[in-house]
Peer 1: 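Questions regarding the structure given below will be posed in turn.
Quantities reported herein were computed from a predicted structural model and do not represent experimental measurements.
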Amino acid sequence: MKRELGIARCGLACCLCSENEICNGCTSGHCPEKDWCENRKCSIEKGIEHCYECDEDCKKGLLSKIKPYAFTQFVKRYSESYLLDCLEKNEKRGVLYHRNGIIGDYDKFDDVEELIDFILNEQERIKDI
């Protein structure tokens, strides 16, 4: 985990991305997707660094997908630091952000609240197995 890369503007976990060898995260300005990223454009226009700083309940761009939307909601409720703590603990216990290509263990959810619960409680589930 490259904790210093943190969470992308849209909520994706730059810190766990398998692409972070060629990308230093969207806040670096060197993201290869920066020209088409709707969330980057919107947050820059609003003068904020992350979508979780916005008061709107937006599902534009990548926020239309469960994982970045849930991560954004998690940060709004708990903090970016706590999300990073949970992701790091889960990674150490075998939860993968990317398993096949860009699909990983956090992508198997259709419900935002179930994913947030997984992030918070995965370490407890693993102890019970």
Peer 1: Could you walk me through whether Ile103 and Lys108 pass side-chain contact (heavy atoms from CB on, under 4.5 Å), step by step?
Peer 2: CA-CA 8 Å; Ile103 305 300; Lys108 62 184 175 184; over 6 Å; no

Peer 1: Do the side chain of Asp105 and the main chain of Arg99 share a donor and acceptor less than 3.5 angstrom apart?
Peer 2: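 Checking the backbone N and O of Arg99 against the side chain of Asp105, no donor-acceptor pair under 3.5 Å is found.
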
Peer 1: Decide yes or no for Cys51 and Leu63: does some side-chain heavy atom of the first lie under 4.5 Å from some side-chain heavy atom of the second?
Peer 2: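 Result yes, sub-4.5 Å side-chain heavy-atom pair found.
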
Peer 1: Who pairs with Tyr69 by ring-ring contact (aromatic ring centres under 6.0 Å, His included), at least two apart in sequence or on another chain?
Peer 2: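 For Tyr69 there are no ring-ring contact (aromatic ring centres under 6.0 Å, His included) partners, ignoring immediate neighbours.
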
Peer 1: Heavy-atom count around Glu4 CD within 6.0 Å, excluding the residue itself: above 12?
Peer 2: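 Yes, CD of Glu4 has more than 12 neighbouring heavy atoms, counting only those of other groups under 6.0 Å.
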
Peer 1: Nearest 0.5 Å, what's the CG-OG distance between Asp85 and Ser79?
Peer 2: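 One finds 7.5 Å between CG of Asp85 and OG of Ser79.
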
Peer 1: Look only at the side chain of Asn121 and the backbone of Asp117, and say whether a donor-acceptor pair between them is shorter than 3.5 Å.
Peer 2: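 Side chain of Asn121 to backbone of Asp117: a pair is present.
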
Peer 1: Taking only residues two or more places apart in sequence or in another chain, which ones pass ring-ring contact (aromatic ring centres under 6.0 Å, His included) with Phe71?
Peer 2: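 Per chain and number, Phe71 pairs via ring-ring contact (aromatic ring centres under 6.0 Å, His included) with Tyr106.
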
Peer 1: List for me each residue that meets side chain to side chain contact (heavy atoms under 4.5 Å, CB included) alongside Ile44, sequence neighbours excluded, and say none if there are none.
Peer 2: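 Per chain and number, Ile44 pairs via side chain to side chain contact (heavy atoms under 4.5 Å, CB included) with Arg9, Arg40.
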
Peer 1: Do you know which two heavy atoms are closest between Ile102 and His98, and how far apart they sit?
Peer 2: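 Looking at all heavy atoms of both residues, the shortest contact is O-CD2, 3.2 Å.
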
Peer 1: Keeping the roles fixed (side chain from Asn39, backbone from Lys60), state whether a donor-acceptor pair exists under 3.5 Å.
Peer 2: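 The answer is yes, because a donor-acceptor pair under 3.5 Å joins these two groups.
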
Peer 1: Any side-chain heavy atom of Lys65 within less than 4.5 Å of one from Pro68?
Peer 2: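 Yes, at least one pair of side-chain atoms sits under 4.5 Å.
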
Peer 1: Tell me whether Asp55 at atom CG has more than 12 heavy atoms from other residues, nucleotides or ligands lying less than 6.0 Å away.
Peer 2: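 Atom CG in Asp55 is not packed in, count stays at 12 or less.
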
Peer 1: So among Lys76, Arg77, Glu80, which one has a side-chain hydrogen bond (donor to acceptor under 3.5 Å, both in side chains) with Tyr52?
Peer 2: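 So, applying the side-chain hydrogen bond (donor to acceptor under 3.5 Å, both in side chains) to Tyr52 and each of Lys76, Arg77, Glu80, only Glu80 qualifies.
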
Peer 1: How long is the span from the CE atom in Met1 to the CG atom in Asn90, to the nearest 0.5 Å?
Peer 2: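 So the gap between those two atoms works out to 10.0 Å.
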
Peer 1: Is there side-chain contact between Leu115 and Ile66, with heavy atoms separated by less than 4.5 Å?
Peer 2: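 A side-chain contact under 4.5 Å exists here.
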
Peer 1: Run Lys67 and Leu12 through side-chain contact (heavy atoms from CB on, under 4.5 Å) and show every step you take.
Peer 2: CA-CA 7 Å; Lys67 180 170 60 178; Leu12 290 175; 4.0 Å; yes

Peer 1: Roughly how far apart are Phe109 CZ and Asp107 CG, rounded to 0.5 Å?
Peer 2: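 Between atom CZ of Phe109 and atom CG of Asp107 there are 9.5 Å.
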
Peer 1: Kindly indicate whether the side chain of Leu120, heavy atoms from C-beta on, has any atom under 4.5 Å from the side chain of Tyr82.
Peer 2: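 Heavy-atom side-chain distance check passes, below 4.5 Å.
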
Peer 1: Is atom CD1 of Ile48 surrounded by more than 12 heavy atoms (other residues, nucleotides or ligands) closer than 6.0 Å?
Peer 2: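 Atom CD1 in Ile48 is packed in, count exceeds 12.
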
Peer 1: Test salt bridge (Lys or Arg N to Asp or Glu O under 4.0 Å) on Glu88 and Arg93; report intermediate values, then the result.
Peer 2: CA-CA 9 Å; Glu88 189 169 24; Arg93 290 178 169 88; over 6 Å; no

Peer 1: Taking Thr72 for its side chain and Cys10 for its backbone only, find out whether a donor-acceptor pair lies under 3.5 Å.
Peer 2: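 Yes, Thr72 side chain to Cys10 backbone: donor-acceptor pair under 3.5 Å.
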
Peer 1: Apply the test side-chain hydrogen bond (donor to acceptor under 3.5 Å, both in side chains) to residues Glu91 and Tyr97: give CA-CA distance (whole Å), side-chain angles for both, the deciding distance (0.1 Å), then the verdict.
Peer 2: CA-CA 8 Å; Glu91 181 186 45; Tyr97 189 70; over 6 Å; no

Peer 1: Show the nearest heavy-atom pair for residues Ser81 and Arg3, with the distance to one decimal.
Peer 2: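 Smallest interatomic distance, heavy atoms only, reads O-NH2, 3.2 Å.
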
Peer 1: On the 0 to 90° scale, with breaks at 30° and 60°, tag the Phe74-Tyr78 ring pair as parallel, tilted or perpendicular.
Peer 2: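 Ring orientation of Phe74 relative to Tyr78: tilted.
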
Peer 1: Do Ser43 and His50 make a side-chain contact, defined as non-hydrogen atoms from C-beta onward lying under 4.5 Å apart?
Peer 2: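 Ser43 vs His50: side chains apart.
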
